[in-house]
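Notes follow the structure.
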Amino acid sequence: MSSDNLPEIFEYIRLDGRFPHILCPGCGIGTVMNAMVRAFTELKLNKNRLCVVSGIGCSSRVPGYLDCDTYHTLHGRALPSATGVKLARPELEVVVIGGDGDILAIGGNHFIHTARRNINLSLIIINNFNYGMTGGQFSPTTPVQAIATTAPYGNLERGFNISEIAKSAGAVLVTRSTTYHAVHLKNMIKKAIQKKGFTVVEAISQCPTLYGRMNRLGSAVKMLEWLRDNTVSVAAPETKENENKLKIGVLWETESEEYTEVYQNLIKKAKGEKV
Amino acid sequence: MELLSGNEACAIGAIRAGVRFFAGYPITPSTEIAEYMAHELPKIGGIFIQMEDEIASICAMNGATAAGIKAMTATSGPGFSLMQEGIGYSCMTEVPCIIVNVMRGGPATGLPTRPAQGDIMQARWGTHGDHPIVALVPWSVAECFHLTVQAINISERLRLPVIILLDEIVGHMREVVSFPEKVDIYQPPKPTQGPDEFLLYGDDTNYDGPVVGFGEGYRIHLSGLTHRKDGFPTNDPKTIAWKMERLKNKIEHNKDWLWNFFYTDLGAETIIVCYGSTARSAFDAKKIYEKKSGKSIGIVRLCMIWPFPYERLTTLLRGAKKIIVPEMNQGQLSNEIERTVSPDVPVITVNRVDGEMLTPEEILNVLG
Ligand SMILES: Cc1ncc(C[n+]2csc(CCOP(=O)(O)OP(=O)(O)O)c2C)c(N)n1
Ligand code: SF4
């Protein structure tokens with residue numbers, strides 16, 4: 001297919017027979033991918049210098065549709081794999097995408113240590129509150145008492161606070177958005193890519209097929225409406241009404257030395273050059 | 001001339017062969033390799049990174065290789081167990097991967113500071129699914145250097161994982177050695193086609209094919225899912241069969257030049273088949289026995305155990321009346337050797353798994 005008459009964002013989509021995609025109707029992952037490619041477009045990223053890395057899961061299928069270097073690694077291992085890529089080719093823009101199970105359960109240790117190193121990777125976590133790919137088991141972000149196929153009587157385990165972990169482990173930017181707030185999500189991804197260091201975007205997303213159905217949350221549209229009604233900007237006033245809502249926007253930002261740059265200084269030191 | 005350990009020789013060989021990236025996690029008895037790399041790589045603009053565990057280490061190494069630089073990791077039993085999924089990833093994506101496993105006693109934490117050769121079968125079949133693998137087994141400090149160089153070239157040519165199996169004795173022993181300043185380094189060709197025509201797995205020969213990494217404008221897709229020639233996943237039985245055959249043939253079509261062993265006195269009635277540090281004891285036993293009895297003993301010393309040289313051994317061992325296989329395990333490679341010789345030739349195993357070195361005396365005991 002030629003991309004001559006298509007909008008600019010198609011620049012970043014593989015048009016040679018990758019569609020239809022494998023995601024369910026109403027799934028939020030497509031919206032996250034949409035926000036991603038729009039962020040790439042607005043930032044005018046050179047797709048020959050862009051590498052998108054993922055692990056395994058529905059969310060991790062996104063790279064397969066993107067027209068840049070794409071690295072579909074092992075379940076949970078996107079971050080260490082991306083660390084290897086980034087260290088080997090620091091000039092590449094490396095974006096990592098994965099589900100809550102992939103990044104926070106099996107990949108949880110890598111998440112902490114990648115943040116601690118503060119290596120220049122932008123991580124997008126698609127948080128759909130369950131394991132989609134394997135059929136709706138509970139994950140580290142499934143709310144207490146929510147139903148999952150491996151929590152048929154209600155989930156007992158408390159969820160991770162993604163942003164607090166990222167912050168205390170050393171990420172320099174932590175943001176949250178949702179698939180309802182698609183434009184906002186795009187802006188958060190843009191900000192993460194622009195910021196040097198390890199940056200995290202939590203994209204809350206709907207999995208209508210599994211989490212939504214098991215917890216009787218209604219259609220994809222209903223789930224999106226829930227996201228609209230239960231989130232509030234970090235900039236909004238602290239009213240009673242906003243108290244229990246999820247904050248979206250920039251949750252944490254700081255400055256710190258980035259790993260590949262510090263490593264270049266180490267090389268100079270080892271060579272006996274002045275740092 | 002330098003006094004070096006086997007571990008150091010591996011690290012030096014890797015650097016000479018072009019390795020510029022090392023990711024690892026400390027574990028006895030392999031740690032000296034990581035320490036050497038941490039000290040030396042930055043001096044030549046290379047990267048050393050200590051990862052949070054061995055899974056992260058192999059993934060970082062795979063990532064660096066996918067991005068086009070030569071990379072390596074080193075570990076021992078427990079870490080080697082953790083790396084298995086990453087080894088399979090290298091097989092499936094056909095991106096090189098070099099692992100030094102300095103074997104200690106197992107299972108589990110086992111004997112961190114004691115020698116063993118217990119990972120012979122794990123090296124072959126540790127990762128799940130049918131897959132190609134190459135494993136080399138040096139017996140001296142000098143050979144640690146040379147086989148590491150060879151391992152890297154094989155991995156680059158065939159695009160599969162190559163495992164260098166040292167045992168604790170070979171890793172830690174010191175010998176006076178000198179290495180060549182220059183070694184032959186294989187450099188894969190770049191594709192002649194542009195990004196629109198190039199297929200990542202399109203070469204039929206399956207080795208020495210064109211290679212591209214990330215950031216070269218080819219916008220490649222690497223995936224551990226079984227895939228088509230362009231790298232994208234498939235469930236089509238014919239394509240799956242093609243991929244599996246392709247992986248298998250990496251070894252099948254190349255084993256003749258891959259096989260690497262040394263032999264002497266094969267006219268003898270008794271032949272010892274050995275590898276790694278136990279081969280040192282075998283040569284000592286041969287010397288003592290020949291002096292005492294006046295009868296000669298044959299030796300086949302394997303430098304590469306996988307692919308196993310079945311057909312070649314069948315020929316080489318044809319005249320033997322008795323075969324002796326000393327191993328620091330409960331009998332692993334000896335099973336493969338039994339498969340290569342006629343059923344009426346006894347294969348006598350000499351095994352030791354108590355954390356002590358297998359001595360020449362133990363071999364002499366069965367030589368009679
Ligand atoms: C080592 C390993 N363990 C388990 C699996 C099976 N598995 C595949 S995807 C997945 C979970 C996916 O959930 P998540 O990361 O939240 O992504 P989602 O599918 O919800 O987008 C699991 C457990 C695997 N592929 N590899
Ligand atoms: S199972 Fe859930 S997360 Fe996976 S594609 Fe379907 S809706 Fe999306």
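Below, chains carry the letters A, B, ... as their sequence lines are ordered, and counting in each starts from 1.
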Self-check item: B:K248 atom NZ: more than 12 heavy-atom contacts under 6.0 Å
Solution: no
Quiz item: Taking all non-hydrogen atoms of both residues, which atom of B:A67 and which atom of A:A88 are closest, and how far apart?
Solution: CB-CB, 3.8 Å
Quiz prompt | Intermediate values then yes/no, side chain to side chain contact (heavy atoms under 4.5 Å, CB included), A:I112 and B:E52 | solution = CA-CA 10 Å; A:I112 294 167; B:E52 52 273 22; over 6 Å; no
Practice problem: Show your working on side chain to side chain contact (heavy atoms under 4.5 Å, CB included) between B:H221 and A:R14 and close with a plain yes or no. | Solution: CA-CA 11 Å; B:H221 182 68; A:R14 293 194 200 264; 3.8 Å; yes
Exercise. Answer with side chain, backbone, both or neither: which region of B:I47 has an atom nearer than 4.5 Å to a non-hydrogen atom of chain A?
Key: both
Quiz item: Given that the side chain runs from C-beta out, which part of A:K269 has a heavy atom under 4.5 Å from chain B: side chain, backbone, both or neither?
Solution: neither
Self-check item: Spatial distance of atom CD1 (A:I267) from atom CG (B:L41) [nearest 0.5 Å]
Solution: 9.0 Å
Quiz prompt | Pairs of heavy atoms under 4.5 Å with chain B: top-ranked of A:I56, A:L66, A:N46, A:N109 | solution = A:N109
Quiz prompt | Any A:R61 side-chain heavy atom under 4.5 Å of B:P233 side chain | solution = yes
Quiz prompt | Where B:P42 and A:A270 come nearest, the two heavy atoms and their spacing | solution = CB-CB, 3.6 Å
Quiz prompt | Over 12 non-hydrogen atoms of neighbours within 6.0 angstrom of CD in B:Q193 | solution = yes
Quiz item: Is it the case that more than 12 heavy atoms not belonging to A:Q194 sit under 6.0 Å from its CD atom?
Solution: yes
Quiz item: So which of B:A60, B:S57, B:A23 has the largest heavy-atom pair count under 4.5 angstrom toward chain A?
Solution: B:A60
Self-check item: B:E216 and A:R49: CA distance, side-chain angles, deciding distance, side chain to side chain contact (heavy atoms under 4.5 Å, CB included) verdict
Solution: CA-CA 8 Å; B:E216 295 181 36; A:R49 293 283 176 278; over 6 Å; no
Quiz item: Got a sec: does the OH of A:Y131 have more than 12 other heavy atoms crowding it under 6.0 Å?
Solution: yes
Practice problem: Please flag which part of B:D230 lies under 4.5 Å from any non-hydrogen atom of chain A: side chain, backbone, both or neither. | Solution: neither
Quiz prompt | Shortest non-hydrogen contact between A:V85 and B:G63, atoms and distance | solution = CG2-O, 3.5 Å
Quiz item: Between CG of A:L74 and CD1 of B:I55, what distance do you get to the nearest 0.5 Å?
Solution: 9.5 Å
Practice problem: With salt bridge (Lys or Arg N to Asp or Glu O under 4.0 Å) as the test, would you mind laying out the steps for A:D69 and B:R219 before giving the verdict? | Solution: CA-CA 4 Å; A:D69 282 316; B:R219 302 193 300 279; over 6 Å; no
Quiz item: Take atom NZ in A:K196; do more than 12 heavy atoms of anything else shown fall under 6.0 Å from it?
Solution: no
Practice problem: May I ask you to check whether over 12 heavy atoms, not counting those of B:N235, lie within 6.0 Å of atom CG? | Solution: no
Quiz prompt | Top of B:Y218, B:F48, B:F214, B:F21 for chain A proximity - count of heavy-atom pairs under 4.5 angstrom | solution = B:F214
Practice problem: Go through the atoms of A:R117 and report whether side chain, backbone, both or neither lie under 4.5 Å from a heavy atom of chain B. | Solution: side chain
Quiz item: B:G215 and A:R89: which non-hydrogen atoms are nearest, and at how many Å?
Solution: O-NH2, 3.4 Å
Exercise. Let me see the working for A:R77 and B:Y89 under side chain to side chain contact (heavy atoms under 4.5 Å, CB included), right down to the final yes or no.
Key: CA-CA 11 Å; A:R77 315 303 169 198; B:Y89 190 81; over 6 Å; no
Quiz item: Is it the side chain or the backbone of A:L87 that comes within 4.5 Å of chain B heavy atoms, both, or neither?
Solution: both
Quiz item: Is any side-chain heavy atom of A:T70 closer than 4.5 Å to a side-chain heavy atom of B:L222?
Solution: no
Quiz item: How far does CD1 of B:I49 sit from OH of A:Y259, to the nearest 0.5 angstrom?
Solution: 4.0 Å
Quiz prompt | Among the listed options B:G45, B:G86, B:G224, the residue most often paired with chain A at heavy-atom distances under 4.5 Å | solution = B:G45
Quiz item: Side chain, backbone, both or neither: which part of A:Y71 has a heavy atom under 4.5 Å from chain B?
Solution: both
Quiz item: How far does OG1 of A:T83 sit from CE of B:M61, to the nearest 0.5 angstrom?
Solution: 14.0 Å
Exercise. Name the option with the most non-hydrogen atom pairs under 4.5 Å to chain B; the candidates are A:T73, A:L266, A:L79.
Key: A:T73
